[in-house]
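Worksheet for the structure shown next.
In this text the structure is predicted, and so the values were computed from the model without any measurement. Computed over heavy atoms, backbone and side chain alike; hydrogens, waters and symmetry mates excluded.
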Amino acid sequence: MTLQCIESIKEFGGYLNRYTHDSESCHCEMTFSVYLPPQVASGDVPALYWLSGLTCNDDNARVKAGAQRYAAEHGIALIFPDTSPRGDDVADEVDRYDLGKGAGFYLNATQAPWAKHYQMYDYITQELPALLEKNLPLIAGIKSVSGHSMGGHGALICALKNPDAYKSVSAFSPICNPINCAWGQGCFDEYLGDDTNLWQAYDATALVDAGAKVSDILIDQGTADEFYDERQLLPENFKAACEIEGQPLTLRMQEGYDHSYHFIASFIGDHIAYHAKALKG
């Protein structure tokens with residue numbers, strides 16, 4: 001698995017690099033970005049994985065979130081993966097923004113034509129960390145995960161399914177209960193088939209209901225988020241499950257904020273400080 005650096009930009013004393021490689025999980029070329037803070041000059045650093053939302057690739061968060069400034073202050077690398085496999089032979093649904101390319105949902109698809117390439121859960125939790133820890137100045141096994149919307153869903157399930165693999169987890173406007181919202185139902189039926197019992201393995205609320213637990217969870221949700229109003233996100237369902245099961249959760253309802261990166265940029269410093277405390281503790 002050879003990494004090719006295709007771009008390098010100096011920011012806040014560190015470097016924002018972009019890479020490509022041939023993925024064994026997704027059977028295609030994948031692109032991702034990494035911000036390496038200035039502290040790598042003195043040794044390896046911990047990593048925060050940022051999982052982006054529907055229609056995004058690795059470029060959205062690295063340009064819009066404003067996270068690199070805070071990562072440089074705390075000495076944390078930022079990893080920005082893509083949201084799906086890419087390529088001419090990768091299955092897609094061109095008339096839908098919420099299925100196919102840009103909409104991998106961070107799961108392992110089992111149904112044709114998706115199963116060949118859409119193995120994003122394995123890619124995020126196994127292949128990409130192993131590749132980066134082997135080739136970049138990252139502390140092996142010291143990582144956290146965060147994300148937005150579909151990526152917030154991804155961050156929650158990755159942490160809940162692998163509680164020993166991540167030091168902390170947070171999310172902005174996550175899809176908290178996809179088995180009960182239109183986005184999740186529309187994709188899970190395509191990717192995983194019609195056995196809804198199998199869907200629960202990729203639903204944060206269902207995972208907590210089943211006993212999955214991590215040390216703490218931080219979620220920010222804007223009250224003016226159009227998708228919150230459309231009941232695509234369902235943070236109340238997740239909060240109720242956490243309360244019943246004793247899962248520590250801080251759910252901050254942020255008055256007047258929407259679903260955009262303006263919202264994320266307003267609170268990303270809080271999230272990076274939250275992860276830095278866990279990563280360095």
Side-chain angles (χ1 to χ4, degrees), residues 1-26 29-52 56-83 106 120-148 151 154-155 158-159 162-170 214-215 218 264 268-281:
M1 295 185 290
T2 303
L3 276 182
Q4 181 180 1
C5 184
I6 60 173
E7 183 181 49
S8 185
I9 304 168
K10 190 166 187 178
E11 289 185 333
F12 305 109
Y15 284 89
L16 179 63
N17 298 334
R18 203 172 199 184
Y19 301 92
T20 61
H21 76 111
D22 291 326
S23 169
E24 294 181 354
S25 300
C26 297
E29 184 179 81
M30 296 293 284
T31 301
F32 62 89
S33 293
V34 177
Y35 177 68
L36 295 174
Q39 290 84 349
V40 298
S42 301
D44 294 353
V45 298
L48 173 61
Y49 285 71
W50 174 268
L51 308 184
S52 292
C56 295
N57 57 25
D58 66 300
D59 200 36
N60 297 77
R62 72 178 199 150
V63 171
K64 298 178 180 179
Q68 289 91 302
R69 177 188 297 274
Y70 302 103
E73 292 175 3
H74 290 284
I76 294 171
L78 300 175
I79 316 300
F80 303 105
D82 204 344
T83 56
Y106 304 102
M120 289 299 294
Y121 176 76
D122 282 353
Y123 179 72
I124 294 296
T125 61
Q126 299 179 35
E127 182 180 2
L128 189 58
L131 178 68
L132 299 188
E133 290 173 10
K134 180 179 178 181
N135 290 280
L136 298 179
L138 305 180
I139 303 173
I142 306 300
K143 61 185 183 293
S144 293
V145 63
S146 186
H148 171 231
C158 287
N162 303 278
D164 295 329
Y166 299 94
K167 298 297 182 181
S168 53
V169 56
S170 75
V214 295
S215 60
L218 171 63
I264 295 168
I268 192 67
D270 291 355
H271 283 242
I272 291 179
Y274 169 80
H275 292 293
K277 182 177 179 180
L279 287 165
K280 296 183 176 183

How about T31 and D58: does a side-chain donor come under 3.5 Å of a side-chain acceptor? no
Are the side chains of M120 and C26 in touch, meaning some heavy atoms are under 4.5 Å apart? yes
Backbone of R62 reached by a side-chain donor or acceptor of Q68 within 3.5 Å: yes
Between CE on residue M30 and OG on residue S25, distance to nearest 0.5 Å: 9.0 Å
For the side chain of N135 and the backbone of L132, is there at least one donor-acceptor N/O pair under 3.5 Å apart? no
Between V169 and A159, the two heavy atoms sitting closest are CB-CB, 3.6 Å
Given 3.5 Å as the limit, does a donor-acceptor pair link the side chain of S146 with the main chain of S170, or not? yes
About how many Å separate CG of L3 and CG of D22, when rounded to the nearest 0.5 Å? 10.5 Å
Taking all non-hydrogen atoms of both residues, which atom of G147 and which atom of A155 are closest, and how far apart? N-CB, 4.0 Å
Closest heavy-atom contact between C158 and T125? SG-CG2, 3.6 Å
Nearest heavy-atom approach of I124 to Y166 is O-OH, 4.1 Å
May I ask you to decide if the ring planes of Y123 and H21 are parallel, tilted or perpendicular, using 30° and 60° as cut-offs? parallel
Side-chain donor-acceptor contact under 3.5 Å, N162 with Y121: yes
Can you check whether S144's main-chain N or O pairs, donor with acceptor, with S168's side chain at less than 3.5 Å? no
The reported gap from CG in L279 to CD1 in I272 (rounded to nearest 0.5 angstrom) is 10.5 Å
Any non-hydrogen side-chain atom of P81 less than 4.5 Å from a side-chain atom of L51? yes
Would you say that more than 12 heavy atoms from the other residues, nucleotides or ligands in this model lie under 6.0 Å from the OH of Y15, or not? no
W50 and side chain to side chain contact (heavy atoms under 4.5 Å, CB included): which partner among L78, I79, V145, I268? I268
Do the side chain of E127 and the main chain of E24 share a donor and acceptor less than 3.5 angstrom apart? yes
Rounding to 0.5 Å, atoms OG1 (T83) and CZ (F32) come to a distance of 15.0 Å
Do F80 and V63 have side chains that approach each other closer than 4.5 Å (heavy atoms only, starting at C-beta)? no
Around atom NZ of K143, are there more than 12 heavy atoms from other residues, nucleotides or ligands closer than 6.0 Å? yes
Any side-chain heavy-atom pair from L138 and D44 closer than 4.5 angstrom? no
Value rounded to 0.5 Å, distance of NZ in K64 from SG in C56: 6.5 Å
Rounded distance (nearest 0.5 Å) linking atom CD1 of I139 with atom CD of E133: 9.5 Å
Would you say the side chain of Y70 lies within less than 4.5 Å of the side chain of L48, judging by non-hydrogen atoms? no
Taking every heavy atom of I264 against every heavy atom of A65, the minimum-distance pair comes out as CG2-CB, 4.2 Å
Can a donor-acceptor pair be found, under 3.5 Å and without considering hydrogens, that links the side chain of Y35 to the backbone of E11? yes
Testing the basics here: between R18 and S33, what is the closest heavy-atom pair and its distance to 0.1 Å? CG-OG, 3.4 Å
